[in-house]
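Each remark here refers to the structure printed beneath this line.
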Amino acid sequence: QRLARPRTTRPDDARHATDVPVGEAPDLPISRPLVLCRRPDRRCGRGPGNMRPVPDDPWDAWNELALAEPASVPKSTKMLYAFGWLRTEVNNGGFHQLFLNSAGDVLPDAIAACRATGTDDLADLIERAAALVGDEYPTDRTRRQAVLLALPEAGVTLLNDLSDDYFDLEATHDLNDVMRALRDAP
């Protein structure tokens, strides 16, 4: 069974991209969409040269952490590390991508980050998505992948819908403020 890419409509700003249909990839269990920037006057993505400078950009702190191995991330910054990976992966491919990739290993820390910053509606949404891969969320990537690939069609549809709900929630919350709070936490 192949997991479908979430059907999403994202806010029209410089951080977000739009889906472009792709052909089937018979040798891959997951099809990956091409992503193009909706705003031709801006470049999308993260990394040097890809974004306009933003004053007090919390992504700067996350970028310093992002390349680290999870075990080497200081305890004081684990929630920022996990929350940044949550946002990066879900915005790039929905909860499917988050759960399939190693960034999903730190999901419990992302949920803790939401709770610590009062973003309980986001924490609840993430927990609903995580419940689709087991009552006890598997932090082991291989186990998560096996569960995802065995999801029935109804589970895939629900995961797509929850990804869409994430995008709706992100459009109404300033998650950069959440990242600033995590970055500035003692």
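One is the number of the first residue; the rest follow in order along the sequence. Worth saying up front: this structure is predicted, and the values here are computed from it rather than measured.
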Requested in this report: Decide yes or no on side-chain contact (heavy atoms from CB on, under 4.5 Å) for His96 and Val156, but give the supporting numbers first.
Outcome: CA-CA 9 Å; His96 293 108; Val156 172; 4.1 Å; yes
Query raised in the report: Considering only heavy atoms from C-beta outward, does the side chain of Phe83 approach that of Thr117 to under 4.5 Å?
Result: no
Requested in this report: Answer whether the closest heavy-atom distance between the side chains of Val133 and Pro138 falls below 4.5 Å.
Outcome: yes
Let me confirm one number: the [atom1]-[atom2] distance from [X] to [Y], rounded to the nearest 0.5 Å.
X      : Y      : atom1 : atom2 : answer
Leu125 : Leu162 : CG    : CG    : 5.5 Å
Arg128 : Phe95  : CZ    : CZ    : 9.0 Å
Asp124 : Thr119 : CG    : OG1   : 11.0 Å
Met179 : Asp57  : CE    : CG    : 8.0 Å
Asn176 : Glu170 : CG    : CD    : 8.5 Å
Thr88  : Asn63  : OG1   : CG    : 8.0 Å

Requested in this report: Would you name the heavy atoms of Leu132 and Val147 that are closest together and state the gap between them?
Outcome: O-CG1, 4.0 Å
Report summary line: All heavy atoms of Asp140 vs all of Arg143, minimum pair found to be OD2-N, 2.9 Å
Within the distance-only criterion (no hydrogens, no angle test), does the side chain of [X] pair as donor or acceptor with the backbone N or O of [Y] below 3.5 angstrom?
X      : Y      : answer
Tyr166 : Leu122 : no
Ser163 : Leu159 : yes
Lys78  : Ala110 : no
Thr139 : Asp105 : no

Query - Partner residues of Leu65 under the side-chain contact (heavy atoms from CB on, under 4.5 Å) criterion, sequence neighbours left out - result: Val73, Thr77, Leu80, Tyr81
**Report entry** Pair Asp60-Arg183, side-chain contact (heavy atoms from CB on, under 4.5 Å): steps then yes or no
**Finding:** CA-CA 10 Å; Asp60 292 340; Arg183 177 198 63 196; over 6 Å; no
Report task. Given side-chain contact (heavy atoms from CB on, under 4.5 Å), test Cys114 with Ile126 step by step and report yes or no. Result -> CA-CA 9 Å; Cys114 293; Ile126 298 165; 3.9 Å; yes
Query raised in the report: Which of these passes side-chain hydrogen bond (donor to acceptor under 3.5 Å, both in side chains) with Asn101: Gln145, Glu89, Arg144?
Result: Glu89
Query raised in the report: Salt bridge between Arg115 and Glu127, side-chain N to carboxylate O under 4.0 Å?
Result: yes
Query raised in the report: Can you check side-chain contact (heavy atoms from CB on, under 4.5 Å) on Tyr137 and Ile111, steps first, answer last?
Result: CA-CA 12 Å; Tyr137 179 79; Ile111 293 169; over 6 Å; no
**Report entry** Under 3.5 Å side-chain donor-acceptor pair for Arg87 and Asn92
**Finding:** no
Query raised in the report: Which of these passes ring-ring contact (aromatic ring centres under 6.0 Å, His included) with Trp85: Phe99, Trp59, Trp62?
Result: Trp62
